[in-house]
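In what follows, every chain begins at residue 1, and chains take the letters A, B, ... in the order their sequences are listed.
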2 protein chains.
Amino acid sequence: MEKLPATHDVSPAIQDYLKCCYQLADPTGQGVAMVQVAEALRVTAPSVTNMVKRLEDLRLLRRTPHGRLILTVRGEGIALEVIRHHRLLETFLVDTLGMGWGEAHKEAEILEHYISEHLEQLIDSHLANPRRDPHGEPIPRRDGLLPHRTSATLLEAPCNTPLRIVQLRSQDPTMLRYLEETRLHPGARITLREIAPFNGALAVRIGRETRHISRDVAACIFVLQTTGK
Amino acid sequence: MEKLPATHDVSPAIQDYLKCCYQLADPTGQGVAMVQVAEALRVTAPSVTNMVKRLEDLRLLRRTPHGRLILTVRGEGIALEVIRHHRLLETFLVDTLGMGWGEAHKEAEILEHYISEHLEQLIDSHLANPRRDPHGEPIPRRDGLLPHRTSATLLEAPCNTPLRIVQLRSQDPTMLRYLEETRLHPGARITLREIAPFNGALAVRIGRETRHISRDVAACIFVLQTTGK
DNA sequence: CTTGTAAATTAGTCTAGACTAATTTAGTAT
DNA sequence: ATACTAAATTAGTCTAGACTAATTTACAAG
């Protein structure tokens with residue numbers, strides 16, 4: 001009797017690890033380092049090693065030759081379901097009960113592990129099958145389909161919204177080098193302040209400095225909206 | 001540093017034990033036997049012994065000289081808060097989301113341990129501070145005050161409502177013996193079907209049989225309404 | 001190539017909370 | 001009083017999931 005664990009067959013702890021791996025995996029698909037998981041979940045490295053072993057046995061994740069973590073289809077399915085729970089709950093708490101964003105996030109972080117499939121569906125229909133949570137993050141559908149998160153260049157990004165750089169796309173190595181040096185590398189969290197008119201520069205806030213970059217440079221920088229998470 | 005545990009400082013398991021003790025304690029205040037708790041929570045006797053020790057250390061319950069369990073004020077406070085969570089959740093799931101009673105009960109049985117104080121309050125106000133859950137059970141208030149549940153004799157009880165026998169009160173031991181023999185003992189769940197006129201008998205359903213008892217006998221049987229729990 | 005550091009692993013400990021099996025306590029019936 | 005039974009306890013085991021301390025692997029820099 002093989003057992004194919006679904007979301008409710010795995011513990012909250014396992015759900016957290018899977019969700020974490022999913023969310024740390026950037027779109028380039030390189031897999032996640034264990035130390036990242038440890039930091040994100042605020043546990044120690046041995047705890048991660050230990051759990052990863054179990055997750056491999058459960059066929060919920062695999063490891064690259066370099067030891068990085070990649071979810072299996074099944075693991076990703078569970079991660080998506082947990083995220084679906086989270087975002088539905090957040091939306092519900094904010095929209096229906098008027099809870100504040102910060103609190104709704106914390107509450108959802110817990111409840112996401114405990115609501116039944118049926119409650120999930122009831123919340124979903126009560127909200128008329130929302131596509132996005134209050135932060136604008138897409139809500140995975142029940143079948144695991146994720147409404148496409150539009151990764152776009154900085155030029156198309158909205159102002160004053162938290163962004164994360166997901167990719168630098170350019171033929172020109174000096175351009176990439178330049179971006180690296182100015183700390184505009186994948187993973188960096190930035191905010192677009194404004195785009196000056198007449199083909200002017202973009203004001204980009206990174207950390208507590210504001211930097212100005214040309215439109216040509218901005219066209220290489222692909223970003224995602226990343227409020228909240 | 002003494003620690004006075006509140007609901008969210010104790011584990012779900014502890015919450016379950018406290019709630020269970022509270023609900024098994026009949027109004028006569030005799031305390032609960034450990035074997036009852038074991039059955040109700042579907043755990044073994046040693047598990048109960050073990051947990052009871054911990055609860056005593058936490059000053060959440062005491063034991064009578066006969067070894068029966070009695071919640072302390074603090075323990076009862078936690079039990080009441082868990083029950084408040086349960087009944088608010090049930091009400092919310094049924095009234096706001098249209099969930100069925102049975103399912104709402106199961107869902108609440110889990111979520112009662114995980115909602116925050118703040119969410120509890122939001123649900124409470126969303127429902128306009130309801131006094132009773134869908135089963136008619138009173139919802140404890142935040143300060144722990146429980147709208148009084150009226151224990152009365154069978155003669156005063158409503159028909160066709162699930163009841164639980166909480167006490168047999170009589171001077172006559174043969175009467176008590178008689179009741180025991182007919183399985184009308186404290187804890188038994190019964191329903192009153194009808195009271196025949198002209199000082200006639202009461203039709204009482206117990207299990208799947210219907211039994212007829214005189215008014216004199218009925219006057220000894222104290223019952224509570226106990227839909228659901 | 002060696003060396004220094006970051007990442008990962010191993011080995012062992014701890015806690016909560018369940019379990020079984022065996023034993024003891026207590027209360028009832030003869 | 002004795003014996004039977006029900007309730008409780010003791011002792012020991014198990015699992016999940018964390019931890020520390022010590023060690024090993026792996027990779028980048030001189």
Side-chain angles (χ1 to χ4, degrees), chain A residues 3 5 7-21 24 30-58 60-70 78 82 109-110 113-114 180 185 187, chain B residues 3 5 7-21 24-25 30-58 60-70 78 82 109-110 113-114 173 176-177 180-181 185-187:
Chain A
K3 46 177 178 182
T7 303
H8 284 289
D9 300 328
V10 303
S11 66
I14 289 179
Q15 290 174 33
D16 274 334
Y17 276 92
L18 295 175
K19 178 178 141 190
C20 179
C21 287
L24 290 175
Q30 292 311 289
V32 180
M34 300 179 64
V35 68
Q36 294 180 267
V37 175
E39 273 168 29
L41 294 181
R42 333 203 90 248
V43 298
T44 60
S47 300
V48 179
T49 299
N50 181 42
M51 180 60 94
V52 163
K53 231 172 283 162
R54 291 172 51 207
L55 296 178
E56 276 188 284
D57 291 346
L58 291 170
L60 295 174
L61 65 74
R62 292 178 303 107
R63 319 184 51 169
T64 67
H66 309 281
R68 300 179 76 89
L69 311 176
I70 298 188
I78 294 178
V82 175
E109 203 65 37
I110 295 169
H113 305 301
Y114 300 106
E180 278 304 303
H185 45 70
Chain B
K3 47 177 178 181
T7 303
H8 283 289
D9 300 328
V10 303
S11 66
I14 290 179
Q15 290 175 32
D16 274 334
Y17 276 92
L18 295 175
K19 178 179 142 190
C20 178
C21 287
L24 290 175
Q30 295 309 290
V32 180
M34 300 180 64
V35 68
Q36 292 181 268
V37 175
E39 273 167 29
L41 295 181
R42 332 202 92 248
V43 297
T44 59
S47 300
V48 179
T49 300
N50 181 44
M51 179 59 94
V52 163
K53 231 173 281 162
R54 290 171 53 206
L55 296 179
E56 276 187 284
D57 291 346
L58 291 170
L60 295 175
L61 66 72
R62 293 178 301 106
R63 318 185 51 170
T64 66
H66 308 282
R68 300 179 77 87
L69 310 177
I70 298 188
I78 293 177
V82 175
E109 202 65 36
I110 295 168
H113 305 301
Y114 300 107
L176 296 174
R177 173 74 58 89
E180 278 304 302
E181 279 165 10
H185 45 69

For [X], enumerate each residue passing the side chain to side chain contact (heavy atoms under 4.5 Å, CB included) test, keeping only those at least two apart in sequence or located in another chain.
| X | result |
| --- | --- |
| B:A38 | B:V48 |
| B:I14 | B:V10, B:S11, B:L18, B:M51, B:R54, B:L55, B:L58, B:L60 |
| A:E56 | A:V52, A:L61, A:R63 |
| A:A40 | A:C20, A:L24 |

(message) Using the side chain to side chain donor-acceptor pair (under 3.5 Å) criterion, which residues pair with A:T44? Sequence neighbours excluded.
(response) A:S47
(message) Run the side chain to side chain donor-acceptor pair (under 3.5 Å) test against A:Q15 and tell me which residues pass, sequence neighbours left out.
(response)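 A:Q15 satisfies side chain to side chain donor-acceptor pair (under 3.5 Å) with A:H113 only.
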(request) To the nearest 0.5 angstrom, please state how far the CZ atom of A:R68 sits from the CD atom of A:Q36. (result) 6.0 Å
(message) Please report the distance, rounded to the nearest Å, between CZ in B:R68 and P in C:dG27.
(response) 11 Å
(request) Might you work through the side chain to side chain contact (heavy atoms under 4.5 Å, CB included) test for B:L69 and B:Y17, ending with a clear yes or no? (result) CA-CA 11 Å; B:L69 310 177; B:Y17 276 92; over 6 Å; no
(message) Does C:dT10 have its OP1 or OP2 closer than 4.0 Å to a side-chain nitrogen or oxygen of A:K53?
(response) yes
(message) Using a strict heavy-atom distance below 4.0 Å, which residues from residues 60-67 of chain A are in contact with DNA chain C?
(response)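 Per residue number, the list reads A:R63.
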(request) State, to 0.1 Å, how close B:G31 and B:I70 come at their nearest heavy-atom pair, and which atoms those are. (result)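 Nearest heavy atoms, B:G31 then B:I70: CA-CG1, 3.8 Å.
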(request) Give the minimum heavy-atom separation between B:T7 and B:V82, together with the two atoms involved. (result)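 Minimum heavy-atom contact is CG2-CG2, 4.2 Å.
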(request) Report, as a single string ordered 5' to 3', how protein heavy atoms within less than 4.0 Å touch nucleotides 18-26 of chain C: B base, S sugar-phosphate only, - not at all. (result) SBBB-----
Any N/O pairs under 3.5 Å between the protein and nucleotides 4-7 of chain D? List them or say none.
none

